[in-house]
Every structure is written in structure tokens, then in C-alpha cells.
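Notes follow once the structure below has been shown.
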Amino acid sequence: MRTPPAVRVAAYVAASVLAVLFLLPFYVIVRNAFSTQTWITAPQWHWLPNALDGRTLAGVLGNANLGITQSLLNSAVVAVAQTAATVVVSLMAGYALARTSTRAARVILGLTVFTLMVPTAVTFVPMFVMASSLGWISTYRGLIIPAVFSAFATYLFRQGFLDFPVELEESAYLDGANAWTTLWRIVVPNSLGMVAAVGTITFIGAWNAFLWPLLIAQDPGMRTVQVTLSQFMTSQGVRYPEIFTGALVAIVPALVVFLFLQRWLVQGVTRSGLK
Amino acid sequence: MTAPVEVHARRRAPATNAHSRRRWFWVFVTPFLAGLVVFVYVPIGWSAYLSLFNARNTVTPTDFVGLGNYAYLLSDRLFLDSMATFVVFALIIVPLTFACSLGLALLLRRIGVLQAFFRSAFFIPTACSYVIAALVWRMSFFNGARFGLANTMLRSVGLDPVNWLGGENHWYWFVLVTLRLWLQVGFYMILFIAGLNAIDPQVYEAASLDGATGFGVFRHITFPLLRPTSVAVATLLLINAFQAFDEFYNTLNTVRGYPPYARPPLVYLYLISFGDGSQDLGIGSAGTLILTVVILAFSLAQNRLLSIGADR
């Protein structure tokens, strides 16, 4: 499609204005994290920060009463463990469901697809009942395990493995390898893009999760960083620079993962929509 | 959907015997299946059981009330209000996000140099949590005090500051809708980009030979050929709007609790199951099941609606 110059200029202008708007919230987080309370609440809006010495940052990370450092650690444990477990569990199941067409396989695939249609967020009341009767309140187990079994991840892997060349597997079988060895030595090393895609989506989802950690992490020491930030907003003792510094350190890990793995994320998102 | 599976299975058959294949299938699938049953299907069953009891502050109730919880919910004005809140929210956010994400995808096609940068700029809010977005929206952009960005701008043109989240004039919808739009529009833009890339360029060439231009091409070629993507986007948008919780809770909850307005279904369920005072898991469970049925009905109806004429 050829684009006339005038249209092209208009497109660039529109895209630039929109890009500024889209990036503005990130800038405001940084600006507030590096400003003083009076600077932020002044009647005149200041675009530039006024406290670049990083004292607030050091204060927030060093103040155990605020709980940011502990909750960053909790979020890291939860997000990494959940991502690793989801990838392994869903990869195996997705592979099995892509290579088998017995009645059992079809029933399991049906159960998986049905779960995609019933939003898991709707089942949080019974899930909580379950977790509390297992004694999982305020534990890593309770935060991680119920979130591991993702029908979405299994379905993505299954769709991906349908496109995997079976010839590679056949030659491994001819060499006497069993299914386990074939999966981990042949299939997985050649499907790392898919692993990265599912891993990225799962990690960002786990890092940003709110409702489930809000229910499970009743002990303040077990809160994830999203829950801690949410508490900041409704507690009177925390000031603007501290809250936004908390937001800044909480958003960095997700942004880093996003920026480095964006290519795989795009691939995963694309696959997720075109089922 | 099952056709390709059968092809693969048959092609692999000679190398392994049926018995070992079946064994490995179960080895691979059991962890996931067990998790799915224990953490999705058992809770749904349990909540069906709980929903028939008076389960105030307990998960092992003895006071059987039959369909009482359902009857209570369906005549509870707060529950019906929450459904109405969802309908209003969905009617705004679904078409708006749909149009904006498609618009961004089409805009990026006009961009040559820097396309990757702009795409990333529109996509990067996906990495932000609703909690952090709510924090920025409520404390900086739409702070009800004079120093909020929106109020600063209103004052600079001589208007009075607005108490965005206080409930008057439903201003909170503006806050909630812009927040969700910002956070998720890039995700759906990526889906539309993939959909647009899947259209054969020859179709456009043929159209331009026939003299079709601009909006005509979009209306008669692009949009109809995008139908599978459009259906997927609309369905995901609807399911996600139905699940809205994080941004409502974090934007509107205060030291004094959650305000009486803007309570979508999940917020209602949360407050009734875990809120102060009346923790009633029986009613919460009944609500869960009603919502599950409603969301299934909605997605099926929308799918049906959007695929009218798809065979032509």
C-alpha cells in the first residue's frame, strides 16, 4: 500500500502524541518518586522532579515498617516459582495433548478449553475456601500452587506443538529414546521460543496479580508487592513520594522482563488470540 | 479442532507401541490434570454445595437452605446493581477498546521508520499492574485535590476542580475507563496487527486495480477479512470486563471502606464474602455460580452474534 506524504506526516504526528500520552504514567511515577511531598502537592503542577538525591528510595527500601523490601522478595519468589512450575506442568500436558487423540485426551482437552471460558477470577470464593481448609493462608504454597495450573498455558503449548515437526521425534524414537528423553532432549530445545512466550506472559501475570494474593496474604510479612502498594493507598501514614517510590521499584522487574522478552511476548499474545 | 491431532498421532505410530504411548501420555498429563481438578473443578463443585447452605463465617456449614441463597441474590438490589454496573462498564469499554486497538494497529501500518518504537510505546502498559495504574490515576491524574493533573488543567482554563472519585455525576467512570483503556489497548493492538498481517497483500492490489480507496478498502476488504480476530478480541474484552476487580478496588477503596457505587460483580462478591461484618460464603458461592453461568451465556451469545454471516 502506498501512502501519500501528507498522510504519512499526519500518522507520525498522531503516533508521537499518542506515544507521549502512553508513556506519561511511567514518567509521573518517576517524577513523583523523586520529588518531595510539598512539591507534588503544590497548587502549581511541576513537570520536573526536585529531589534527585535518591534519599526517598534509600528510605523506602531501608524502612522495614513499610514492608516494601520484604514484599518485593515475596513477589520474586512467587512469580519465579509460579512461572517455572507453570511452564513445566503445561509444557508436558500440552505436548501430550498435541500428540494423543484417545478419548481420554479429548476429554482432558475439553476440560481445559472449558476452563478458558469460565474465568478463573470468578472461582476465587471456592478457591479461597479450599486453600483455607488446607491451611494455606499466609503461606508461599497458598500463593503459588493454586495459580500454577493454567489452562491457558497448556492450550498455548498444545497449539504450538501441533506445528512441531514430528519427523524429529521419530528419528529419536528410532534411536531408542523413550518419550521422556525425546521431549526434554529433542522437542524442548527446539521450542524455546514457545517456552519464552509462555514464561513471559506467566511471569508478568504472576508479578502483577492482585486478587488472589490479597485473599491469601493475610499476614503482612507474606504480602506481595502489589498488595503492599494497595495497602499504602488506604493507609494515612504513607506519603506521596514513598508510595510512588514503591510503585517504581515494583514496576521495574515487569518492565525489564517486558523490554528484554518483548519479541516472545508478542508471539505469545498473538497465539493467544488466534486460537 | 481435533483433526490435526489425529494426523500427528497416526504419523508417529510406528516408532512406539500403543501401550508405552498410553503410559507416557498419563505421565505427562497427570500433574496438570490433577491440578485442574483440585484447583478448578473441585472448588466449583464445593461452591455448588456451599451455595445451598447458610455459610456465615464457616466453610463446613450445617444449616441447609436449599435455593435460598439464589433467591436472596436474585432479589438483592445490590447484586442486581452490580450486574447493571457490569453492563454499563462493558457497553463503554468493549467497543471503545475494540475501536482504539484497531485504530492503533491501522495507524502503525502508515508508519515506516520507528514503527517498532511506537509499537512498544503502545504495548508497554501491558507490563503495568492495575494496582500501579490505579495508584497513578487516583493520586496524580485524577486526584480530587487541586494539584491533580486533570484538575490543574481544568483550573488553567478557568473551570472548577472536580472530585473525580467522589461519586457525583459519575465522573469515576471517566477515571476507570481511561485506566483500563490505557492498560489493555496495546494487547489487543498486537492481536489486530497479527490479524492484519495475515491478510494476503494481493487482495489489496486487486482492490486498488478496481479503484477502491481509503475507507472503502477498510469497509469492504480489511474489516470483513479481520473477522476471526475481531471475534477473538471482542470475546476476550467481554470476559476481561466481567472480571474487573483490581482497578475498581484500588481506585475507589478508601480508609472508610468501599463506596456504595461502582461495584461490579467481582467487587460485590468480594465484599459479601470477605468484607467486614457479613462474611457469607454461601451467598458468595451462589453468586459465583450465577456469574459463571452469566459469563458463559454472554460469551456464547456474543460469539453467535459476531459470527452471523461468517460463512458467506
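The figures here come from the full heavy-atom set of this structure, side chains too, leaving out hydrogens, waters and symmetry mates. A, B, ... follow the sequence lines: proteins, then strands. Residue 1 opens every chain.
Contacts between B:Val42 and chain A at a heavy-atom distance below 4.5 Å involve the side chain alone, from C-beta outward. For B:Tyr270, the parts sitting under 4.5 Å from any heavy atom of chain A are the backbone and the side chain alike. With a 4.5 Å cut-off on non-hydrogen atoms, B:Phe118 touches chain A through its side chain but not through its backbone. Contacts between B:Ile111 and chain A at a heavy-atom distance below 4.5 Å involve backbone atoms as well as side-chain atoms. For A:Ile204, the part sitting under 4.5 Å from any heavy atom of chain B is the side chain, from C-beta outward, and nothing else. Heavy atoms of B:Phe245 lying under 4.5 Å from chain A belong exclusively to its side chain. Of the two parts of A:Ala247, the backbone and the side chain both hold a non-hydrogen atom closer than 4.5 Å to a non-hydrogen atom of chain B. Heavy atoms of B:Tyr130 lying under 4.5 Å from chain A are absent altogether. Residue B:Leu104 touches chain A through its side chain alone, counting heavy-atom pairs closer than 4.5 Å. Heavy atoms of B:Leu33 lying under 4.5 Å from chain A belong exclusively to its side chain.
Looking only at distances, no side-chain donor or acceptor of B:Asn253 sits under 3.5 Å from a matching main-chain atom of A:Thr234. Using a distance-only test at 3.5 Å, with no hydrogens or angles considered, a donor-acceptor pair links the side chain of B:Arg155 to the main chain of A:Pro43. Side chain of B:Trp182 to backbone of A:Phe22: a donor-acceptor contact under 3.5 angstrom is found. Between the side chain of A:Tyr12 and the main chain of B:Val113, a donor-acceptor pair closer than 3.5 Å is present.
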Pair A:Leu183-B:Trp24, side chain to side chain contact (heavy atoms under 4.5 Å, CB included): steps then yes or no: CA-CA 11 Å; A:Leu183 173 62; B:Trp24 281 113; over 6 Å; no
Starting from the C-alpha separation in whole Å, work towards a yes-or-no answer on side chain to side chain contact (heavy atoms under 4.5 Å, CB included) for B:Val29 and A:Met92. CA-CA 6 Å; B:Val29 96; A:Met92 293 195 302; over 6 Å; no
List the steps and the verdict of side chain to side chain contact (heavy atoms under 4.5 Å, CB included) for A:Leu23 and B:Ile124. CA-CA 8 Å; A:Leu23 297 176; B:Ile124 203 170; 4.0 Å; yes
Could you check A:Leu24 against B:Leu149 for side chain to side chain contact (heavy atoms under 4.5 Å, CB included), going step by step and ending with a plain yes or no? CA-CA 11 Å; A:Leu24 185 61; B:Leu149 182 57; 4.2 Å; yes
Test side chain to side chain donor-acceptor pair (under 3.5 Å) on A:Ser230 and B:Asn250 and set out the steps. CA-CA 6 Å; A:Ser230 173; B:Asn250 285 297; 2.6 Å; yes
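A:Tyr240 and B:Phe147 have perpendicular rings, their planes meeting at more than 60° on a 0 to 90° scale where under 30° would count as parallel. Using the six-membered ring where Trp is involved, A:Phe128 and B:Phe274 have ring planes that are perpendicular, over 60° apart on the 30 and 60° scheme.
The heavy-atom pair separating B:Pro125 from A:Phe26 by the smallest distance is CA-CZ, 4.0 Å. Scanning both residues, B:Phe32 and A:Ser150, for their nearest heavy atoms gives CE1-O, 3.6 Å.
Of all the listed residues (B:Arg146, B:Gln243, B:Arg119, B:Met153), the one sharing the greatest number of non-hydrogen pairs under 4.5 Å with chain A is B:Gln243. Taking chain A as the reference chain and counting heavy-atom pairs below 4.5 Å, the highest number among B:Pro265, B:Ser285, B:Ser120 is found for B:Ser120.
Between B:Ile44 and A:Pro126 there is no side-chain heavy-atom pair separated by less than 4.5 Å.
Aromatic pair B:Phe28/A:Trp184: ring centres not closer than 6.0 Å.
Remark: A:Phe244 pairs with no residue by the ring-ring contact (aromatic ring centres under 6.0 Å, His included) rule, at least two apart or across chains.
More than 12 heavy-atom neighbours from other residues, nucleotides or ligands sit within 6.0 angstrom of OH on A:Tyr27.
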